[in-house]
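In what follows, a single structure is set out as structure tokens and then discussed.
Heavy-atom basis, side chains included; hydrogens, waters and symmetry copies ignored.
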Amino acid sequence: SGQVLRSTLTSLGIHPENDVYYANAVKCHPPANKTPSSTIINQCNPYLWEEILAVKPTKILLTGGVAVGAALLRTQAGPITSWRGAGLILETKLEGPDQWSAYTVPTWHPAAILRSPDKFRDFYNDIKKLRDTSAPMPPPDIEVIVPSSVDECLTVLEDFRSASFLSCDLETSGFDPLENELFSIGFGALTSKSNHGIAIIIPAEFAVSPQVFKSLKWFVDGGFSGRLGFHNLKFDLQFLQVFFGEAVQPAHPVDTMLLRYAQDERPGGGGDDEGEKFRTHGLKDIVRIRYDVPDYHFDFKAFLELPRAERDMNKLYKYHGADCYFTARLMDEMPQEIIAESPDLLRLVEDLLVPATQALTEIELHGVLIDKKYLEDTATAFRGDLAKITERLKDEAAKYGEDREAFNPGSVYHIRRLLFDHLKIRSTSKSTEREVLQSLRRRVSPDTAIVIDDILDHRQKSKLLATYMDGILERLGRDGRVRSDLILIGTATGRLASRNPNLQNIPILVGPVIRNAIISPPGYALLEADYSQLELRVLAWYCQDPSLLDVYRQGRDIHRLVASRMFKKSEADVTALERYMAKYVDFGIIYGRQAASLATGWEMEHLEQELGGTRWTIPEAEKFIQEFLAEFPKVKEYIQAQAATVRRFGYVETPMGRRRRFPMTNRDIEGHIARQAVNTPIQSLASDICLSALTRLHWKLKQYDSHILFTVHDSIFFEIPNELVKTVVPIIKAEMEDVPVEKRLPFVADLKIGTRWGSLVTFDG
């Protein structure tokens with residue numbers, strides 16, 4: 001940690017010894033190096049302040065939540081993500097010579113950087129901010145205008161009609177546009193005066209009047225000729241679409257959340273576990289870091305619990321005005337910052353991500369039809385299976401003196417005791433992760449293997465029941481449709497993420513059980529259009545290996561070709577499971593898996609259990625890797641070139657303008673970065689090819705009463721009237737195969753059709 005801190009200070013021109021005094025909030029390591037309690041922080045606090053007042057620094061860097069809590073005298077300061085990056089003044093309240101103040105910026109603890117190197121960019125920028133500034137930015141002057149009549153609404157809206165750009169923001173009672181209430185519609189504008197802006201807030205009670213309704217629709221449905229900016233365009237457009245009763249599309253929309261994503265590709269929006277860890281795309285987080293604005297959080301939960309007559313609407317409108325102002329300020333500043341880094345990044349947002357957001361707005365609202373009775377019946381059957389498995393595991397635990405009724409198969413602690421204390425399975429890690437248990441299963445007695453099978457089955461069925469059965473049933477709309485949130489900023493590579501429910505992560509082996517709940521309505525067909533081997537075709541596009549290009553130009557199957565070499569048989573004799581396994585080995589080699597990983601990976605479970613084969617040894621796996629790379633030598637050159645690019649520039653870039661940045665590297669993570677330097681351009685370009693097709697097809701298919709439902713990686717799912725299938729399918733295939741990059745090889749979409757997702761069959765035209 002000390003090395004990370006000192007090297008970062010040095011790189012910013014701060015001498016780590018001559019310019020810096022170091023102090024610890026807590027003066028000794030707590031037992032087992034646990035996070036110090038509030039009692040420990042309080043006990044050490046006098047000594048910390050004794051040091052601070054002796055040194056009287058002009059600037060202080062607070063690293064980590066404990067330091068923030070101690071320095072600000074808040075033992076419950078909350079997570080560091082609520083503080084980091086904001087400039088603050090730290091001061092004593094004493095009179096005389098002990099009166100003192102210093103400028104401070106909280107940041108991550110350097111140990112957090114070692115655990116998650118992607119946080120280094122925050123760490124670096126926070127220290128740079130402390131170096132370059134001496135005081136927090138002054139608070140903004142926001143004039144919030146809330147009309148009190150229909151006439152006043154019309155007057156203030158008329159004043160905004162000639163603006164060159166405006167922000168637009170909605171305040172609602174929740175996140176569901178079909179169920180939640182709209183409180184107000186706001187617009188924000190900047191004035192010529194520095195740090196000053198105006199926000200007009202139209203309460204819902206006036207927005208519904210015919211004249212105001214018409215004026216508002218003019219702004220958001222193409223009448224306003226300036227730029228209209230939103231922070232999370234999809235959310236606001238969906239509520240506006242429900243409010244106006246039809247789709248609305250601003251003439252020149254801007255999404256400051258997508259602009260921020262172009263600047264910082266780390267995931268946000270709940271699409272990835274890392275999303276909350278970084279918190280880089282939320283409006284308040286951006287504002288806190290850029291403008292030193294303390295969290296202006298509004299407690300919607302407490303507000304909504306009050307009777308309507310007791311709600312302080314003026315307080316809500318003031319909060320709303322701040323959102324409008326800051327969105328306007330970001331849309332004014334961020335485009336030029338992005339252009340300064342790379343004009344292609346701004347083109348990515350304007351030409352691909354914003355149009356895709358407009359399409360996804362309508363795609364999500366249309367939703368996916370669910371066979372409710374089928375799902376309820378399946379859930380009932382799963383509960384019965386779970387009950388039987390639970391009873392067997394309780395019986396097993398009771399043999400060793402465990403309290404049968406207290407034993408919980410979902411508890412890691414209970415399972416660990418059963419496996420390692422009672423069944424005496426030898427394992428150094430005592431991990432209960434699926435891969436570990438599957439590995440242990442191979443070397444235990446048949447009776448113990450049955451227990452492990454029950455544990456894994458219980459875990460999988462519990463997750464399926466909670467996430468994909470009860471979870472979907474709880475989210476069903478009144479029309480029998482479920483509406484998944486499709487997230488453009490949910491991954492670092494740009495691949496679409498899905499949540500509530502996540503339709504992209506349905507487990508493979510039991511997938512059809514869940515997928516069969518997704519159906520087409522009467523008179524419609526369900527169509528899946530899946531890019532054939534898209535990521536490998538993208539790899540061929542990048543590396544231009546002649547042999548690999550020939551495979552696709554000749555219409556051969558790369559996975560079948562690789563499987564024939566793996567299993568020493570002709571391509572014609574390769575089975576479906578063998579091809580399936582080769583597919584994942586192909587990707588593993590491309591993304592940097594080494595021989596040991598291939599020899600011990602889960603693919604070997606399939607080789608043994610499903611195919612009756614023998615596990616590879618590490619030398620055998622190494623031999624296969626070398627044979628693969630010898631077959632396609634330009635692939636190896638591409639992998640090496642990407643590693644060199646990221647070492648030289650600190651980022652990799654795609655033809656669509658996306659960047660994946662790696663601001664920190666060391667020996668521990670250079671292998672991981674090299675793999676990401678190969679993976680990211682492939683996955684990003686594949687994702688953008690699919691996203692471009694989705695966007696174009698959404699608008700084209702409207703005239704045929706056909707709808708895009710959702711995507712799963714390289715597949716797009718459609719709902720098409722039966723009588724128009726033969727008309728619409730050629731359009732879908734043509735658009736998907738017309739990729740937005742130079743066509744160096746064919747890109748092929750394979751089609752399946754039916755009435756249930758889990759039972760689709762190949763479309764034969």
Inset, instruction - Give a yes or no on whether a salt bridge exists between R495 and E535, defined as a side-chain N under 4.0 angstrom from a carboxylate O. - result: yes
Inset, instruction - With side chain to side chain contact (heavy atoms under 4.5 Å, CB included) as the test, would you mind laying out the steps for Q676 and R660 before giving the verdict? - result: CA-CA 9 Å; Q676 291 300 316; R660 181 80 182 269; 3.0 Å; yes
Legend entry - salt_bridge(D714, R537) N-O dist < 4.0 Å: no
Legend entry - Qualifying residue for side-chain hydrogen bond (donor to acceptor under 3.5 Å, both in side chains) with Q683, from T654, T491, T493: T493
Inset, instruction - Give a yes or no on whether the ring-centroid distance for F239 and F243 is below 6.0 angstrom. - result: no
Inset, instruction - Please confirm whether the backbone N or O of H713 pairs with a side-chain atom of T711, one donor and one acceptor, at under 3.5 Å? - result: no
Inset, instruction - Return yes if some donor-acceptor pair links the side-chain N/O of S431 with the main-chain N/O of E433 below 3.5 Å, else return no. - result: yes
Legend entry - Residue pair I518, L503: steps toward the side chain to side chain contact (heavy atoms under 4.5 Å, CB included) verdict: CA-CA 10 Å; I518 292 176; L503 298 177; 4.0 Å; yes
Legend entry - CH2-CG distance between W757 and L369, expressed to the nearest 0.5 angstrom: 14.5 Å
Legend entry - Spacing of CZ belonging to R553 relative to CG belonging to L745, to within rounding of 0.5 Å: 7.0 Å
Inset, instruction - For residues L353 and R658, determine if any side-chain heavy atom of one lies less than 4.5 Å from a side-chain heavy atom of the other. - result: yes
Inset, instruction - Could you tell me whether the side chain of H231 and the main chain of H281 form a donor-acceptor pair under 3.5 Å? - result: yes
Legend entry - Polar side-chain atom of S498 near backbone of P501 as donor-acceptor pair, under 3.5 Å: yes
Inset, instruction - Kindly compute the distance separating NZ (K394) from CD1 (I389), expressed to the nearest 0.5 Å. - result: 13.5 Å
Inset, instruction - State whether a side-chain donor-acceptor pair under 3.5 Å links Y524 with D705. - result: yes
Inset, instruction - Check the pair L360, T357 against side chain to side chain contact (heavy atoms under 4.5 Å, CB included), reporting the backbone distance first and the verdict last. - result: CA-CA 5 Å; L360 290 172; T357 296; 5.6 Å; no
Inset, instruction - Answer yes when K569 and E578 have at least one side-chain N-carboxylate O distance shorter than 4.0 Å, and no when they do not. - result: yes
Inset, instruction - Please check if the side chain of N180 supplies one atom and the backbone of T172 the other of a donor-acceptor pair under 3.5 Å. - result: no
Legend entry - Approximate separation, where rounding is to 0.5 Å, of L233 CG and L237 CG: 4.0 Å
Inset, instruction - Indicate yes or no: does R481 engage E719 in a salt bridge with an N to O separation below 4.0 Å. - result: yes
Legend entry - Distance under 6.0 Å and angle within 45° of ring axis: R756 vs Y374: yes
Inset, instruction - Taking all heavy atoms of E737 and all of A749, pick out the closest pair and write down the distance. - result: OE2-N, 3.0 Å
Legend entry - CD1-CD1 distance between I720 and I753, expressed to the nearest 0.5 angstrom: 6.0 Å
Inset, instruction - Please say whether more than 12 non-hydrogen atoms of neighbouring residues, nucleotides or ligands are located less than 6.0 Å from CD in Q554. - result: yes
Inset, instruction - In plain terms, say whether E364 and R483 are close enough for a salt bridge, that is, a side-chain N and a carboxylate O under 4.0 Å apart. - result: no
Legend entry - T361 and Q238 side chains, donor-acceptor separation under 3.5 Å: no
Inset, instruction - Inspect the contact between K743 and D738 and indicate whether a charged nitrogen and a carboxylate oxygen are less than 4.0 angstrom apart. - result: no
Inset, instruction - Test salt bridge (charged side-chain N to carboxylate O under 4.0 Å, His left out) on R556 and D550 and set out the steps. - result: CA-CA 8 Å; R556 296 171 67 192; D550 282 346; over 6 Å; no
Inset, instruction - Locate the shortest heavy-atom distance separating I472 from L375; write the atom from each residue and the value. - result: CG2-CD2, 3.7 Å
Inset, instruction - Please determine if D530 and K752 form a salt bridge, counting it only when a charged side-chain N lies under 4.0 Å from a carboxylate O. - result: no
Inset, instruction - Dump the intermediate steps for side-chain hydrogen bond (donor to acceptor under 3.5 Å, both in side chains) on N502 and Y468, then the final yes or no. - result: CA-CA 8 Å; N502 184 345; Y468 295 108; 5.0 Å; no
Legend entry - Ring centre gap for W541 and Y552 strictly below 6.0 Å: no
Inset, instruction - State whether the side chain of R560 and the backbone N or O of V574 hold a donor-acceptor pair below 3.5 Å, judged by distance alone. - result: yes
Inset, instruction - State, with a plain yes or no, whether a side-chain heavy atom of I732 is found less than 4.5 Å away from one of L701. - result: yes
Legend entry - Pair S715-E528, side-chain hydrogen bond (donor to acceptor under 3.5 Å, both in side chains): steps then yes or no: CA-CA 7 Å; S715 300; E528 176 187 7; 3.1 Å; yes
Inset, instruction - Could you tell me whether the side chain of F718 reaches within less than 4.5 Å of the side chain of H707, counting heavy atoms only? - result: no
Inset, instruction - Could you pull out the closest heavy-atom pair between F747 and V538, with the gap in Å? - result: CE2-CG2, 4.2 Å
Legend entry - Side-chain H-bond candidate by donor/acceptor type, T256 with R260, under 3.5 Å: no
Inset, instruction - Tell me yes or no: between the side chains of D586 and H559, is some donor less than 3.5 Å from an acceptor? - result: yes
Legend entry - Step-by-step side-chain hydrogen bond (donor to acceptor under 3.5 Å, both in side chains) determination, Q249 to E362: CA-CA 11 Å; Q249 296 295 348; E362 299 183 9; 3.1 Å; yes
Inset, instruction - Salt-bridge test for D118 and R266: reply yes if a basic N is under 4.0 Å from a carboxylate O, no otherwise. - result: no
Inset, instruction - Look only at the side chain of Y542 and the backbone of P681, and say whether a donor-acceptor pair between them is shorter than 3.5 Å. - result: yes
Inset, instruction - Can you measure from CG (D385) to CG (D457) and round to the nearest 0.5 angstrom? - result: 7.5 Å
Inset, instruction - Using a cut-off of 6.0 Å, state whether more than 12 heavy atoms not belonging to K700 lie near its atom NZ. - result: no
Inset, instruction - Would you indicate whether F175, at its atom CZ, is surrounded by more than 12 heavy atoms from other residues, nucleotides or ligands within a distance under 6.0 Å? - result: no
Inset, instruction - Evaluate side chain to side chain contact (heavy atoms under 4.5 Å, CB included) for V551 paired with D557, printing each intermediate quantity in order. - result: CA-CA 7 Å; V551 168; D557 183 338; over 6 Å; no
Inset, instruction - Using the test salt bridge (charged side-chain N to carboxylate O under 4.0 Å, His left out), find all partners of D351 that sit at least two apart in sequence or belong to another chain. - result: none
Inset, instruction - State, with a plain yes or no, whether a side-chain heavy atom of D485 is found less than 4.5 Å away from one of K234. - result: yes
Inset, instruction - In plain terms, say whether R659 and E653 are close enough for a salt bridge, that is, a side-chain N and a carboxylate O under 4.0 Å apart. - result: yes
Legend entry - Exercise: identify the closest heavy-atom pair between F717 and L760: CE2-CD1, 4.3 Å
Inset, instruction - List the atom of V220, the atom of V248, and the distance in Å for their closest heavy-atom pair. - result: O-CB, 3.9 Å
Legend entry - Closest approach of I708 to I363 (non-hydrogen atoms, all atoms of both residues): O-CG2, 3.4 Å
Inset, instruction - Evaluate the side-chain hydrogen bond (donor to acceptor under 3.5 Å, both in side chains) criterion for residues R696 and S692: first the C-alpha distance (whole Å), next the side-chain angles of each, then the deciding distance (0.1 Å), finally the verdict. - result: CA-CA 6 Å; R696 288 178 277 120; S692 173; 3.2 Å; yes
Inset, instruction - Please check if any side-chain donor atom of D573 sits under 3.5 Å from a side-chain acceptor atom of S570, or the reverse. - result: yes
